[in-house]
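Note that the coordinates shown come from a computational prediction; the quantities given were computed from them, not determined experimentally. Chain identifiers are assigned alphabetically (A, B, ...) following the order of the sequence lines, protein sequences preceding nucleic acid strands; residue numbering begins at 1 within each chain.
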Protein chains: 2
Amino acid sequence: MQEKVAQLLKKNQMSVTASRTKILELFLASQGALAHADIERLTNGFDRVTIYRTLQTFVDKGLVHTIPTADNSVRYALCKDECSQGHHHDDHVHFMCDDCGNTYCLDHIHVPAVHLPQGFVVKQTDVVVSGICSNCTLR
Amino acid sequence: MQEKVAQLLKKNQMSVTASRTKILELFLASQGALAHADIERLTNGFDRVTIYRTLQTFVDKGLVHTIPTADNSVRYALCKDECSQGHHHDDHVHFMCDDCGNTYCLDHIHVPAVHLPQGFVVKQTDVVVSGICSNCTLR
DNA sequence: CTGGCTTTGCAACCAAGTTGCAAAGGTTTT
DNA sequence: AAAACCTTTGCAACTTGGTTGCAAAGCCAG
């Protein structure tokens, strides 16, 4: 596992350090998206600043993308393989659960095409759905 | 005009004060959405805190709604008449222009229904489109 | 295992937003 | 039109989230 994570870092042109390894492991182990605060809580000893910088590096290298949320908080989730350095293909729907607070990438649900009036050029469409996730409806 | 604004405030159960009048005028005069910083710039003399509280009051009273944005900044726009105290009908698409930075409510473009996997309960769907707005493509 | 570049931790800083409270302002009553 | 009462404002202080500069430590080629 550790080894696999190290390979993944190298493949994306990053040197292998303790914080990057640990944080990437967290992402691989997590179902949903992670916020800076989650990572701070789940690790111990890494400086706030290191976590900010590590996340930024992951985004720059195309390993992770930020998720638009309804409550204006910043969350991060692993990219699928199609994403690469400086080029994110983030065309899936995101879901925020009002109950457990988790945020999920619904990778297989693509954002619908939105038809705009003449003169508008569409570059990106973000869809954020909120409600109750499947884990929480069961309980 | 001043009178009309005062009526609008009263209709929504707010006392008529200088800051509320001025800020509501700004919204009525503005094409797109306004951020706290915009209002601070366009007015002079009102305290930051007063602007925060006025915006919050407008949201509570159903006069204004917040707009989800791709860059995690908070913006406000006038509600249509269907919105009322504590009950927003915010089911239209929002557009952010990468060029001029303006944010618009596309009131007549409704958010498409998104089909989610079993077990998910949808409460709200937010669609934020970014690109170039019709004002900026003309130039 | 040495040297050079990268990353980390710390401290300080900045921006956005919130809270408590006294003073000022709006509204209602008489 | 003034008094009384409740609401709103401005100020100061604080909190939270995020950034920057820099010296020390860490990574990884040769």
Side-chain angles (χ1 to χ4, degrees), chain A residues 2-3 5-26 33-61 63-76 85 101 103, chain B residues 2-3 5-26 33-61 63-76 85 101 103:
Chain A
Q2 305 257 42
E3 197 43 41
V5 170
Q7 290 311 99
L8 196 51
L9 287 171
K10 281 182 189 149
K11 202 175 75 184
N12 288 277
Q13 299 127 63
M14 280 175 275
S15 52
V16 179
T17 67
S19 57
R20 304 224 257 239
T21 304
K22 178 67 190 172
I23 293 174
L24 185 46
E25 275 174 19
L26 284 182
L34 296 174
H36 178 274
D38 298 324
I39 296 171
E40 207 170 343
R41 187 162 25 80
L42 295 168
T43 57
N44 46 334
F46 297 127
D47 194 85
R48 283 173 347 107
V49 179
T50 300
I51 297 172
Y52 280 119
R53 290 198 269 228
T54 302
L55 288 169
Q56 190 53 56
T57 306
F58 284 0
V59 172
D60 292 344
K61 299 290 184 182
L63 207 59
V64 144
H65 63 279
T66 59
I67 296 185
T69 56
D71 66 345
N72 287 306
S73 65
V74 183
R75 280 152 190 270
Y76 302 84
Q85 188 152 176
T103 304
Chain B
Q2 305 255 43
E3 198 43 41
V5 170
Q7 289 313 98
L8 197 51
L9 287 171
K10 281 183 191 149
K11 202 176 74 186
N12 288 277
Q13 298 127 64
M14 281 175 274
S15 52
V16 180
T17 68
S19 56
R20 304 224 259 237
T21 304
K22 177 67 189 172
I23 293 174
L24 184 48
E25 276 175 17
L26 284 181
L34 296 174
H36 178 274
D38 298 324
I39 295 170
E40 208 171 343
R41 187 161 26 78
L42 294 169
T43 58
N44 47 335
F46 296 128
D47 194 84
R48 284 173 348 104
V49 179
T50 300
I51 297 172
Y52 280 118
R53 290 199 268 226
T54 302
L55 288 169
Q56 189 54 55
T57 305
F58 284 0
V59 171
D60 292 344
K61 297 291 183 180
L63 208 58
V64 143
H65 63 281
T66 59
I67 296 186
T69 57
D71 66 346
N72 286 306
S73 64
V74 183
R75 281 154 189 270
Y76 302 84
Q85 190 153 173
T103 305

Undergrad: How close or far is atom C1' of D:dC14 from atom OH of B:Y52, stated in whole angstroms?
TA: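 The answer, rounded to whole Å, is 14 Å.
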Undergrad: Is A:T17 close enough to C:dT7 that one of its side-chain N or O atoms is under 4.0 Å from OP1 or OP2 there?
TA: no
Undergrad: Separation of B:N44 atom CG from D:dT9 atom P, in whole Å?
TA: 16 Å
Undergrad: Roughly how far, to the nearest 0.5 Å, is OG1 of A:T43 from NZ of A:K22?
TA: 7.5 Å
Undergrad: Give the rounded distance in Å between these two atoms: CG of B:N72 and P of D:dT19.
TA: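 B:N72 atom CG is separated from D:dT19 atom P by 12 Å.
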Undergrad: Atom OG1 of A:T54 and atom CE of A:M14: how far apart are they, to the nearest 0.5 Å?
TA: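 Output value for this atom pair is 9.5 Å.
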Undergrad: Roughly how bent is the helix from C:dC1-D:dG30 to C:dT30-D:dA1 end to end, in steps of 10 degrees, with each end axis from five pairs?
TA: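 Helix axis angle between the two ends: 30°.
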Undergrad: Expressed as a whole number of angstroms, how long is the span from B:L55:CG to D:dT8:C1'?
TA: 15 Å
Undergrad: Taking for each residue the nucleotide of DNA chain C bearing the nearest heavy atom, is the 5' side occupied by B:K10 or by B:A37?
TA: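 Final value for this comparison: B:A37.
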Undergrad: Would you kindly compare A:V49 and A:T57 by the position of their nearest DNA chain C nucleotide and give the one closer to the 5′ end?
TA: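 Nearer the 5' end of the strand: A:T57.
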Undergrad: Roughly how far apart are B:L26 CG and B:I51 CD1, rounded to 0.5 Å?
TA: 9.0 Å
Undergrad: Is it the case that D:dG10 (base atoms only) and B:R53 (side chain only) share a donor and an acceptor within less than 3.5 Å, ignoring hydrogens and angles?
TA: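 A donor-acceptor contact between them is present.
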Undergrad: Expressed in angstrom and rounded to an integer, what is the separation of B:I39 atom CD1 from C:dA16 atom C1'?
TA: 14 Å
Undergrad: Which of the following nucleotides, C:dT18, C:dG17, D:dT7, is nearest to the side chain of B:R20?
TA: D:dT7
Undergrad: Round to a whole Å and report the spacing from CD of B:E40 to C1' of D:dT9.
TA: 15 Å
Undergrad: For residues B:K10 and B:Q7, determine if any side-chain heavy atom of one lies less than 4.5 Å from a side-chain heavy atom of the other.
TA: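 Answer yes - side chains close enough.
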Undergrad: Is it the case that the base of C:dG9 and the side chain of A:R48 share a donor-acceptor contact (distance under 3.5 Å, atom types as modelled)?
TA: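 Answer no: no donor N or O sits under 3.5 Å from an acceptor.
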Undergrad: Tell me whether A:H36 contacts the main-chain N or O of A:Y76 through its side chain, where contact means a donor paired with an acceptor under 3.5 Å.
TA: no
Undergrad: Does A:S15 have a side-chain nitrogen or oxygen under 4.0 Å from the phosphate oxygens OP1 or OP2 of C:dT7?
TA: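 For C:dT7, OP1 or OP2 has a side-chain N or O of A:S15 closer than 4.0 Å.
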Undergrad: Students often get this wrong, so: under 4.0 angstrom with heavy atoms, is A:S19 touching a base, only sugar-phosphate, or nothing?
TA: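 Here A:S19 touches the backbone only, sparing every base.
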Undergrad: When the distance from CG of B:D47 to C1' of D:dA13 is rounded to whole Å, what number comes out?
TA: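 So the CG-C1' distance, B:D47 to D:dA13, works out to 13 Å.
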Undergrad: What distance separates B:R20 CZ from B:L9 CG, expressed to the nearest 0.5 Å?
TA: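 Output value for this atom pair is 7.0 Å.
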Undergrad: Does some side-chain heavy atom of B:L24 sit less than 4.5 Å from a side-chain heavy atom of B:F58?
TA: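 Of all side-chain heavy-atom pairs linking B:L24 with B:F58, at least one is under 4.5 Å.
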Undergrad: Rounded off to whole Å, could you give me the CG-to-C1' distance for the A:D71 and C:dG17 pair?
TA: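 Distance, rounded to whole Å: 15 Å.
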